[in-house]
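Below is one structure, written out as structure tokens, with a few remarks after it.
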Amino acid sequence: MGALIALLASIVPAALAQNVRDLSREKWTLSSPVLEHTVPGNLPSHVHLDLLKAGEIDDPYYGLNDFDLRWIANANWTYTSESIQGLSKDFLSTWLVFDGLDTYATVNLCGKFIASTDNQFRQYSFDVSDVLRQCTEEPVLSLNFGSAPQIVNKIAEGYGPNDWPFEMTYEFPNRWFMRKEQSDFGWDWGPAFAPAGPWKPAYLVQLEDPESIYVLNTDLDIHRQGQINHLPPDQDQPWVVNASIDFLGHVPRHSSMSIEIQDNESGAILTSRALSNITVSGNSITGVTVLDNASPKLWWPHGLGPQNLYNISVAIHSRNSESLAHITKRTGFRTIFLNQRNITPAQLAQGVAPGSNWHFEINGHEFYAKGSNLIPPDAFWPRVTEAKMARLFDVAILGNQNMLRVWSSGAYLPDFMYDLADERGLLLWSEFEFSDAIYPVDDKFLANVAAEVVYNVRRVNHHPSLALWAGGNEIESLMLPIAKAGDPDGFDKYIGDYETLYIRLILPLVYENTRSISYIPSSTTEGYLAVNLSAPIPMAERFMNVTPGHYYGDTDYYNYDSRTAFDYSRYPVGRFANEFGFHSMPSLQTWQQAVESADLHFNSSVVMLRNHHYPPGSTDTGNFHNTSIGMGEMTMAVERYYPIPHKTDSVANFSAWCHATQLFQADMYKSQIQFYRRGSGMPERQLGSLYWQLEDIWQAPSWAGIEYDGRWKALHYVAKDIYEPVIVSPFWNYTTGHLEIYVTSDQWEPVTGSVQLTWMDLSGHRIAHNAGTPTSVSFHVGALNTTKIYSSSISELGLTDQKDSILLLSLTGRGRLPNSHREMSFTHTNYFTPAFPKDLKLVDPGLNLSYDTDSDKFTVEATRGISLFTWLNYPAGRVGYFTENAFVLVPGQRKEIQFVTQVDGEVDNWAEEVTVQSLWNQTLRG
């Protein structure tokens with residue numbers, strides 16, 4: 001520790017050479033021509049949040065405020081500080097530093113224009129030294145935010161009416177002209193508030209002398225020697241640490257850099273050394289070292305090993321060894337590589353179909369990516385707290401997920417979210433903020449994007465949870481085919497624009513700032529034919545140049561025709577599934593947070609208009625046509641497969657319908673996830689399943705498994721179960737009656753065990769002779785593989801009544817954990833009915849529920865019949881989850897379940913209000 005203490009002590013003089021003022025501590029007011037008075041403002045903040053805090057508006061999420069508050073987005077707003085007291089004019093230089101301005105802002109200091117900004121995702125720094133020296137009064141800072149909807153409409157007027165024929169408008173139009181969160185203008189799962197304001201921290205920085213430095217950004221690139229983004233790293237090579245610091249001020253000639261690497265848990269120093277090859281370019285200084293005599297512990301994703309973390313301290317020194325600047329980042333040592341290389345002869349010999357790989361490798365090991373897609377957790381980022389995101393990431397891990405795809409176009413995640421993911425072993429596939437549009441490629445737009453890309457790549461590069469950079473969402477798989485169909489003669493232009501933005505601009509910028517992270521131009525892609533970094537177009541995409549019977553890329557699949565929801569032949573066969581799903585309603589408790597009681601029925605105008613699938617496509621607040629299609633899809637899905645609720649109480653009936661849509665959603669996702677996971681042992685060698693989507697942005701119908709306040713839908717419980725490491729899965733071809741049962745494992749060692757097969761009628765009685773099915777089947781499943789353990793035709797089984805039959809599956813197995821010599825027991829249960837739920841001869845399972853205050857556990861028991869979709873429900877007012885839910889119970893089986901509270905509610909006796917129901921309850925009319 002002595003070296004670190006000495007290093008920190010040497011920093012003290014440097015700290016005295018600068019004055020850093022956090023502008024969040026100043027008093028602010030908010031004003032606009034649409035208000036007759038000012039209100040208190042905050043920094044960071046958004047206009048909506050400050051108006052809400054001041055009592056000027058109701059909760060933006062309530063009722064139809066998505067529409068009713070559009071006057072806020074259509075107006076200009078000004079944040080004004082009080083006089084900033086105590087600023088000295090004697091400093092050598094003074095800078096304004098903004099970590100984020102959303103989005104079109106004009107900055108004025110002392111009544112003087114400083115700059116204008118037009119990118120939500122950039123960090124800005126402005127030299128205001130002369131303005132401050134000439135300021136004759138106490139300085140006042142004003143931030144004038146223009147209306148983003150109005151500004152992009154003006155930009156659009158500069159183009160011809162046919163220049164953008166294929167863009168997707170959700171509510172506000174022309175989002176593709178702005179570098180602002182695209183979903184701020186509406187999406188099919190969220191509102192269109194188009195917020196404005198100083199959404200990230202800001203500082204006033206004063207430097208005292210020519211050798212004073214203020215650190216703006218840091219790029220720590222940790223990779224294996226010789227590693228390059230699109231090639232597999234050699235795990236036998238030593239680690240390289242490339243440290244680069246972006247700064248304000250001036251670095252004197254012959255400056256040096258040093259690093260110290262400390263184990264985050266033990267505090268032990270791994271190494272302390274000087275960096276070599278020091279270069280200064282613009283406002284960045286960079287140095288590098290090869291850790292040829294140090295062996296750090298590796299960082300692994302959840303379920304594959306420990307999350308070993310290190311603190312790396314980087315210092316800049318003058319020629320006289322005085323410390324000029326110092327920064328510490330927590331990081332981890334790992335390689336993460338997206339393998340898109342051609343299938344090898346060895347893989348062909350193993351039965352892998354020809355084509356190309358498309359899977360991730362961690363520290364040289366391929367693994368199965370299990371997870372979901374992350375959307376913006378709130379329409380207003382300043383109220384996204386670390387505590388809320390810790391809860392969300394915790395339940396992702398509890399859901400057996402090891403990867404989240406951070407969807408574009410939201411916003412680049414703040415560092416604290418990557419920190420949380422680092423700690424939990426949650427990989428974050430990250431994307432640049434482009435989605436479902438063909439974007440401009442003029443020089444000004446590209447220059448703006450370039451600054452955005454460089455800043456964010458460098459900012460988050462040290463996080464071991466960072467798994468990938470993707471250029472944008474659904475550009476190759478959706479937008480280019482739309483353009484080709486709509487304008488075949490002009491298609492070359494669209495291909496050229498795509499390559500200009502995502503390959504000629506963004507790819508080199510990624511490669512220049514990180515060697516440790518792979519890059520793909522689009523979230524869903526057939527991969528590349530070749531990479532030549534010296535070529536004008538450095539990555540030659542395959543596009544649709546594919547060969548039948550070969551597999552190349554990842555898949556993006558949505559099918560809203562519920563007639564084929566459980567038809568496995570309709571699911572895409574590929575190397576990786578990055579998006580798939582179906583929407584459902586949130587629970588009654590969540591609806592009650594945002595909707596009046598009178599509107600709690602399935603087709604009320606408020607419920608209808610809060611459903612944005614399908615989006616209105618304009619700012620028309622009376623467009624019920626599109627939303628009715630989406631509501632109809634949920635309704636028909638329930639009617640085709642599940643008992644139709646007919647409760648006499650209207651609110652109870654609404655709640656039952658909401659629950660029914662969640663049952664369909666959960667079953668459909670389960671069907672697809674187990675199909676994709678089975679693909680790990682099929683010719684497609686499928687190694688990833690990321691469903692759409694993890695969480696909600698507000699209270700409304702969506703694809704989410706976690707509702708806005710943290711309540712789990714049935715989906716998250718079911719996904720947790722089907723993402724277990726080793727699973728048993730039935731596959732039923734309901735048109736032919738053929739049934740197959742597979743065991744699938746994502747472990748790196750073989751797993752052996754047995755599966756118990758038990759046929760019962762729905763009253764819980766065993767079917768004679770087990771319907772001709774063996775009662776137990778042994779299995780041996782290879783590493784990252786699947787094996788079929790049973791197959792039959794339903795017509796050949798001894799089932800008296802298929803509608804009164806259920807097959808219960810129970811797996812037990814043993815195998816070694818990844819990166820461990822310890823053996824582990826694996827268990828999993830599943831079930832199969834040879835009829836859809838609505839056709840089953842359900843019986844009242846006679847559920848009993850009790851609660852033990854000493855053990856803090858609930859006990860559920862079925863007494864008269866089999867309970868399908870046993871569902872425990874808890875009252876509003878708290879956040880948490882049951883350790884198990886949406887399960888099957890047979891008569892006489894008692895299951896103990898605990899409720900884990902994440903946020904306490906106000907009611908002490910809440911446990912008395914917990915209820916239990918099953919699919920049987922959906923048939924009741926009371």
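Note that the structure is predicted; figures quoted are calculated from it, not measured.
Every residue meeting the side-chain contact (heavy atoms from CB on, under 4.5 Å) condition with V34, not counting sequence neighbours, appears here in chain and number order: S32, W71, A75, W77. Contacts of Y412 classified as ring pair (Phe, Tyr, Trp, His ring centres under 6.0 Å), with partners at least two apart in sequence or in another chain: F121. Contacts of N65 classified as side-chain contact (heavy atoms from CB on, under 4.5 Å), with partners at least two apart in sequence or in another chain: D58, Y62, D68, L69. Considering only residues two or more places apart in sequence or on other chains, T385 meets the side-chain contact (heavy atoms from CB on, under 4.5 Å) condition with A387, K388. For F67, the ring pair (Phe, Tyr, Trp, His ring centres under 6.0 Å) criterion is met by no residue, not counting sequence neighbours. For A156, the side-chain contact (heavy atoms from CB on, under 4.5 Å) partners are N174, F177, not counting sequence neighbours. Considering only residues two or more places apart in sequence or on other chains, D188 meets the salt bridge (charged side-chain N to carboxylate O under 4.0 Å, His left out) condition with none of them. Listed by chain and residue number, W469 satisfy the ring pair (Phe, Tyr, Trp, His ring centres under 6.0 Å) test with F432 (two or more places apart in sequence, or in another chain). When the ring pair (Phe, Tyr, Trp, His ring centres under 6.0 Å) test is applied to H716, the partners found at least two apart in sequence or on another chain are W712.
The six-membered or imidazole ring of F380 lies near that of F193, with a centre-to-centre distance under 6.0 Å. In this structure, F580 has its ring center at least 6.0 angstrom away from the ring center of Y571. Aromatic rings of Y881 and Y717 (six-membered ring for Trp) have centroids beyond the 6.0 Å cut-off, not under it. Between W187 and W407, the ring centre distance stays below 6.0 Å. In this structure, W657 has its ring center closer than 6.0 angstrom to the ring center of F602.
Between K180 and D102 a salt bridge is recorded (basic side-chain N to carboxylate O distance below 4.0 Å). A salt bridge links E431 to R405: at least one charged side-chain nitrogen sits closer than 4.0 Å to a carboxylate oxygen. Under the 4.0 Å criterion applied to side-chain N and carboxylate O atoms, K444 and D442 are not assigned as salt-bridge partners. Under 4.0 Å is where a charged nitrogen must lie from a carboxylate oxygen, and between K713 and E707 no such pair does.
For the residue pair Q589 and Y874, the shortest heavy atom distance occurs at NE2-O, 3.1 Å.
Between M389 and V384 the shortest side-chain heavy-atom distance falls below 4.5 Å.
Counting only residues at least two apart or in different chains, salt bridge (charged side-chain N to carboxylate O under 4.0 Å, His left out) contacts with residues 488-499 comprise K493-D497.
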Residues 164-172, side-chain donor-acceptor partners within the protein, below 3.5 Å, at least two apart:
| unit_1 | atom_1 | unit_2 | atom_2 | d |
| --- | --- | --- | --- | --- |
| E167 | OE1 | I438 | N | 2.8 |
| E167 | OE2 | I438 | N | 3.4 |
| Y170 | OH | D436 | OD2 | 3.2 |
| E171 | OE1 | R70 | NH2 | 2.2 |
| E171 | OE2 | H612 | ND1 | 3.3 |

Per-pair distances, 0.1 Å, donor-acceptor, side chain in residues 479-488, under 3.5 Å, sequence neighbours excluded:
| unit_1 | atom_1 | unit_2 | atom_2 | d |
| --- | --- | --- | --- | --- |
| D487 | OD1 | G490 | N | 3.1 |

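Under 3.5 Å, the side chains of N74 and Q150 contain a donor-acceptor pair of N or O atoms. Side chains of S477 and D556: a donor-acceptor N/O pair is absent below 3.5 angstrom, by distance only. For the 3.5 Å distance criterion, the side chains of Y104 and Q120 fail to qualify, holding no donor opposite an acceptor.
Ring pair Y560/H613 is tilted by interplanar angle, where 30° to 60° counts as tilted.
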